[in-house]
Asker: 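I'd like to ask some things about the structure below.
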Amino acid sequence: MIKLHQVSKNFSQFQAIKSVSLVINKGEIHGIIGASGAGKSTLLRLMNLLESPDDGEVEVNDQKLTSLSSIDLRQARKSIGMIFQHFNLVANKTVFENVAVSLELANYPKKERRNRVMECLQFVGLETFMEKYPSQLSGGEKQRVAIARALANNPQVLLCDEPTSSLDPNTTAEILGVLENVNKSLGVTIVIVSHEMEVIKSICNRVTVMTDGEIYEEVSIEPKGIQDIDDSPKRFVEQLTKDGEMHHA
Amino acid sequence: MPEILVQYEAEIWGAIGETFVMVGVSIFAAVLIGLPVGTLLFLCRKGQMIENKFVFSTLNLFVNIIRSFPFLLLVVFLIPFTRFIIGTAIGTAAATIPLSIIAIAHYSRLVEQSLLDVPRGVMEAAISMGASVKEVIFKFLYVEARSGLVLGLTTSIISFISYSTIMGVVGGGGIGDFAIRYGYQQFKTDLMIYMIIIMVILVQLIQFTGTTVSRMIDKR
């Protein structure tokens, strides 16, 4: 579903991503975890070319994004949803308009837009919030609107950049529940970047651990949770603690 | 009504009309050209959607140069240009040219500043949804920055009124010119004060309207 082939990204002198290759399978919930500055967000943003790689190839939905024209790239992005840590809703648009704009961009038939927006809002449980503005919503509600917006065009992939990092633990669980539902009932492949182990543990099937712009390791997680599997997850946990210490030092 | 106002009623209305023409054309130029210029200034910046050093530097230099002129000098400096466009450098129509030039420079800078206030993440969300440059501008940037754009225009309009008062030097007329010629030069101080009162009322009305509209459309 998503293939990164020897992808590199530099920010002036800093090598954010160092020739990383990664394959994410269809239907997976894939976590990317690592300390801050490890390149996990950059890696995610390469998947819809929000950052364009200096080297390497990015393939999503069997399309090589890195060789598309800008018009085709915009088209391709319509089937790659994305949500963010700070939600990034348009504050001057109502909940309804925030979701509808995504349909407008995709030239969704005008007459059916309203129904589609309603469907998406129902899916995230916010159908009664249509006329509200983002400033009237809680963080969790804003993220639900962002999810509805990202789902409007029936994407095959949903990219989540620290989706719960500005939410409290209860709301985090709620949003993770919604994401799990997106994966299970709509079959959307999900990639989640997070620095919180709990988040990754609770919903991911597979995890990529990043350090210093490289993949440290990839780990499969059984649904029962990470603590029950031996060896490699321990390294994963150790790695994270090590990173944490390095950070405090 | 004071006798002196009755006596000069026709001239006063004429002067008000001239001010409206000069300021009206300036507003038109500000919105029609200043808004796109300000948007380009923003979008061509480093790290923005259509980053372009050449376009940015050129527009930036143009805006800075125009704005560093003392306005009176700009008017005089532009006389050949005005004559080329309008056919004459004298009169209300001719006065609109330097006013429009300063209006474009003035408002484009305020537009750029308003757009800089739009959270970067909103633009990223737009791009991630596959929005084109035009769609980002009209469906996201202007929507999110609209109250700032209105407030900026309000500030600009008030500056245009102020600039228009010195257009008497090229026979542009207007309330300011009337106040100088009749009030100051003919020692009718009361007439000058009435003109100032008219200007104060005008500015109050514009500021009130601008503030109210911008508050009404701001849902942030």
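To find a chain, count down the sequence lines: A is the first, B the second, and so on, and within it residues start at 1.
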Asker: Strictly below 4.0 Å, N to O, side chains only: are B:E144 and A:K93 in salt-bridge contact?
Answerer: no
Asker: May I ask you to check whether over 12 heavy atoms, not counting those of B:Q204, lie within 6.0 Å of atom CD?
Answerer: no
Asker: With side chain to side chain contact (heavy atoms under 4.5 Å, CB included) as the test, would you mind laying out the steps for B:K139 and A:E104 before giving the verdict?
Answerer: CA-CA 10 Å; B:K139 291 184 193 290; A:E104 278 172 46; 2.7 Å; yes
Asker: Which region of A:L50, side chain (C-beta onward) or backbone (N, CA, C, O), has a non-hydrogen atom less than 4.5 Å from a non-hydrogen atom of chain B, or is it both or neither?
Answerer: side chain
Asker: Any side-chain to backbone donor/acceptor pair from A:N92 onto B:V143? Under 3.5 Å, distance only.
Answerer: yes
Asker: Could you give the distance from CG (A:N153) to CE (B:M129), rounded to the nearest 0.5 Å?
Answerer: 9.5 Å
Asker: So which heavy atom on A:R74 is nearest to which on B:A131, and how close?
Answerer: CD-O, 3.4 Å
Asker: How far apart are the closest heavy atoms of B:S128 and A:F84, and which atoms are they?
Answerer: OG-CZ, 4.0 Å
Asker: Looking at A:S135 and B:K219, would you say the former's side chain and the latter's main chain have a donor-acceptor pair under 3.5 Å?
Answerer: yes
Asker: Count the heavy atoms belonging to other residues, nucleotides or ligands that lie under 6.0 Å from CG of B:L205, then report whether that count exceeds 12.
Answerer: yes
Asker: So which of A:M82, A:Q136, A:K78 has the largest heavy-atom pair count under 4.5 angstrom toward chain B?
Answerer: A:K78
Asker: Hey, what do you get for OG (B:S132) to CG (A:L105), rounding to the nearest 0.5 Å?
Answerer: 8.0 Å
Asker: Take A:R45 and B:E124, measure what side chain to side chain contact (heavy atoms under 4.5 Å, CB included) needs, and give me the verdict at the end.
Answerer: CA-CA 10 Å; A:R45 292 157 61 86; B:E124 282 185 349; 2.8 Å; yes
Asker: CG/A:L73 to CD1/B:I127 distance, rounded to the nearest 0.5 angstrom?
Answerer: 10.5 Å
Asker: Under a 4.5 Å cutoff for heavy-atom pairs, which residue among A:V101, A:L159, A:N48 has the most contacts with chain B?
Answerer: A:V101
Asker: Look at atom CZ of A:F11 and say whether more than 12 heavy atoms of other residues, nucleotides or ligands are closer to it than 6.0 Å.
Answerer: yes
Asker: Within a reach of under 6.0 Å around CZ of B:F20, are more than 12 heavy atoms found that belong to other residues, nucleotides or ligands?
Answerer: no
Asker: Sort out for me which of A:N88, A:L49, A:I83 touches chain B most, counting heavy-atom pairs under 4.5 Å.
Answerer: A:N88
Asker: Would you mind checking which part of A:L89 comes under 4.5 Å of any heavy atom in chain B, side chain (CB onward), backbone (N, CA, C, O), both or neither?
Answerer: backbone
